[in-house]
Amino acid sequence: MIENIKSFDYHVSWRSRGRHPGRHASTQRGMGMEFRGHTSLLSYPDPRRIDIRQTIRDPLEQVYVRLFNQKSATPVYVICDLSGSMNFGAKKRKIKLAAEISESIAQSASEHHDPFGFIGFDEKVREDWISTTSFKSHHAISMAESLKDFHPAQVNCNGITEVYRFLPRERSLVFLISDFHMPNTLLEEALSNLLRHHIVPIVLWDSAEYKNLPEFGLVNVDDAETGEKRTLFLRKELREKIVQSFEDRRNQIYELFMRFDMPPFYVEGEFDADSLTEYFHQFVAA
């Protein structure tokens, strides 16, 4: 139910070009409070905005009106990874956690009077998991609810490089949700294609993938995206090497995102909407 979804507060650092009224600073003239300047009544025929003082000062006796910028809406999107690795989760599958985060984003966008859209991808962009932008969040929340029971196939996430084609030309706020188990070259190409927009990477990090390994013995491992099965003989040195490789990968992801000026938001365990509010206060200029 919508009333049980925890929302968060967010803002954007650019002026929206949207014509639909909203909560963000914009370039659109309208019934806002931000003074923009003066123009003649003939150019902007709104008698309610007549400025008597400016009119009296004009030696040509033109009638002037005050211009203001309105607050406008900004498109908000979730781009969600639906590849095989998202099926993993010790306490909760990553895909279910992604669905809960998507619900929160959709609800927050609705409260901010922003249109919300959803795009899912695995080895390609999944057109059956696309919700076009709408000011009514019910459809997107319903899609996120069904995502909780979705079981990704054992496929890769190469479709991330194509999602930009499904976004509008207008600068949008985009939440990119994934565990980012992908080659750096693939992620770098995807981020380069998304530079038009403001990207908030949401990294689903489950330490159970590497910290709960036994100290010694045989262990069977599956590659969630290729289906490949392997048997490893674990010993202390190999276990430490695996743990270190995951920690190195976390650092690599962070450094790559920061090169694109996209600070990542890590989610380990449960999603905390208040922490995402704090993220915007810390990293996004008002």
Side-chain angles (χ1 to χ4, degrees), residues 5-14 24 74-83 85-86 88-112 114 116-121 140 144 147 157 160 163-164 167 171-182 184 186-188 190-209 246-286:
I5 299 173
K6 182 80 180 288
S7 60
F8 59 91
D9 187 36
Y10 66 87
H11 54 269
V12 299
S13 58
W14 68 94
H24 308 289
T74 292
V76 176
Y77 281 86
V78 162
I79 296 177
C80 187
D81 184 355
L82 306 179
S83 64
S85 64
M86 294 291 284
F88 179 83
K91 296 181 179 179
K92 180 183 296 183
R93 294 186 307 128
K94 293 179 200 171
I95 196 69
K96 184 175 182 180
L97 181 57
E100 293 174 357
I101 297 170
S102 299
E103 283 182 329
S104 177
I105 296 170
Q107 178 69 7
S108 301
S110 178
E111 292 176 2
H112 284 72
D114 288 330
F116 175 81
F118 181 94
I119 302 171
F121 71 92
L147 190 63
C157 54
I160 192 173
V163 292
Y164 76 97
L167 292 171
R171 185 169 172 80
S172 305
L173 176 60
V174 178
F175 295 86
L176 180 58
I177 305 176
S178 174
D179 57 10
F180 297 99
H181 288 341
M182 61 187 72
N184 283 350
L186 187 71
L187 179 56
E188 189 167 358
L191 297 181
S192 297
N193 291 336
L194 293 169
L195 284 174
R196 175 190 299 273
H197 306 285
H198 183 105
I199 308 300
V200 177
I202 297 183
V203 184
L204 307 184
W205 194 263
D206 194 331
S207 60
E209 288 184 292
F246 270 89
E247 296 295 342
D248 291 344
R249 177 59 185 159
R250 178 169 178 146
N251 293 332
Q252 289 171 10
I253 291 172
Y254 177 82
E255 291 172 1
L256 179 55
F257 282 129
M258 294 307 292
R259 284 214 325 261
F260 285 86
D261 195 23
M262 301 173 182
F265 177 80
Y266 285 88
V267 178
E268 300 185 51
E270 296 295 328
F271 169 64
D272 180 9
D274 292 333
S275 295
L276 196 47
T277 297
E278 182 59 33
Y279 170 94
F280 276 90
H281 289 321
Q282 182 176 356
F283 292 113
V284 183

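FYI, side chains are in, hydrogens and waters are out, and symmetry mates aren't considered; it's all heavy atoms of this structure.
The aromatic rings of F280 and H11 stand perpendicular to each other, their planes meeting at an angle above 60°, with 30° marking the opposite boundary.
For Q282, the side chain to side chain donor-acceptor pair (under 3.5 Å) criterion is met by no residue, not counting sequence neighbours. Shown here are the side-chain contact (heavy atoms from CB on, under 4.5 Å) partners of F260, two or more places apart in sequence or in another chain: E188, L191, S192, L195, L256, M262. Under the side-chain contact (heavy atoms from CB on, under 4.5 Å) criterion, Y164 pairs with N193, L194, sequence neighbours left out. Applying the ring pair (Phe, Tyr, Trp, His ring centres under 6.0 Å) test to Y279 and every residue at least two apart in sequence or in another chain returns F265, F283. Under the ring pair (Phe, Tyr, Trp, His ring centres under 6.0 Å) criterion, H197 pairs with no residue, sequence neighbours left out. Applying the side chain to side chain donor-acceptor pair (under 3.5 Å) rule to D248 yields the partners Q244; only residues at least two apart in sequence or on another chain are considered. Scored by the ring pair (Phe, Tyr, Trp, His ring centres under 6.0 Å) test, F180 finds F257 as partners (sequence neighbours excluded). For Y266, the side-chain contact (heavy atoms from CB on, under 4.5 Å) criterion is met by V203, W205, R250, I253, Y254, P264, not counting sequence neighbours. The side-chain contact (heavy atoms from CB on, under 4.5 Å) test applied to A98 returns C80, M86, I177, L204, not counting sequence neighbours. Residues that satisfy the side chain to side chain donor-acceptor pair (under 3.5 Å) test with S104, not counting sequence neighbours, are absent from this structure. Under the rule for a side chain to side chain donor-acceptor pair (under 3.5 Å), the partners of K92 that lie at least two apart in sequence or sit in another chain are E100, E270.
For residues 271-282, the pairs satisfying salt bridge (charged side-chain N to carboxylate O under 4.0 Å, His left out) are K6-D274, with sequence neighbours left out.
Counting heavy atoms from C-beta on, the side chains of F8 and I105 come closer than 4.5 Å. At a threshold of 4.5 Å between non-hydrogen side-chain atoms, the residues Y10 and D114 count as touching. No side-chain heavy atom of D81 sits under 4.5 Å from any side-chain heavy atom of I160. Counting heavy atoms from C-beta outward, L147 and F118 have side chains that approach closer than 4.5 Å.
Minimum heavy-atom separation, C157 to L186: O-CD2, 4.0 Å.
At most 12 non-hydrogen atoms from other residues, nucleotides or ligands lie less than 6.0 angstrom from CG of D261.
Taking CG of D179 as the start and CG of L97 as the end, the distance is 11.0 Å to the nearest 0.5 Å.
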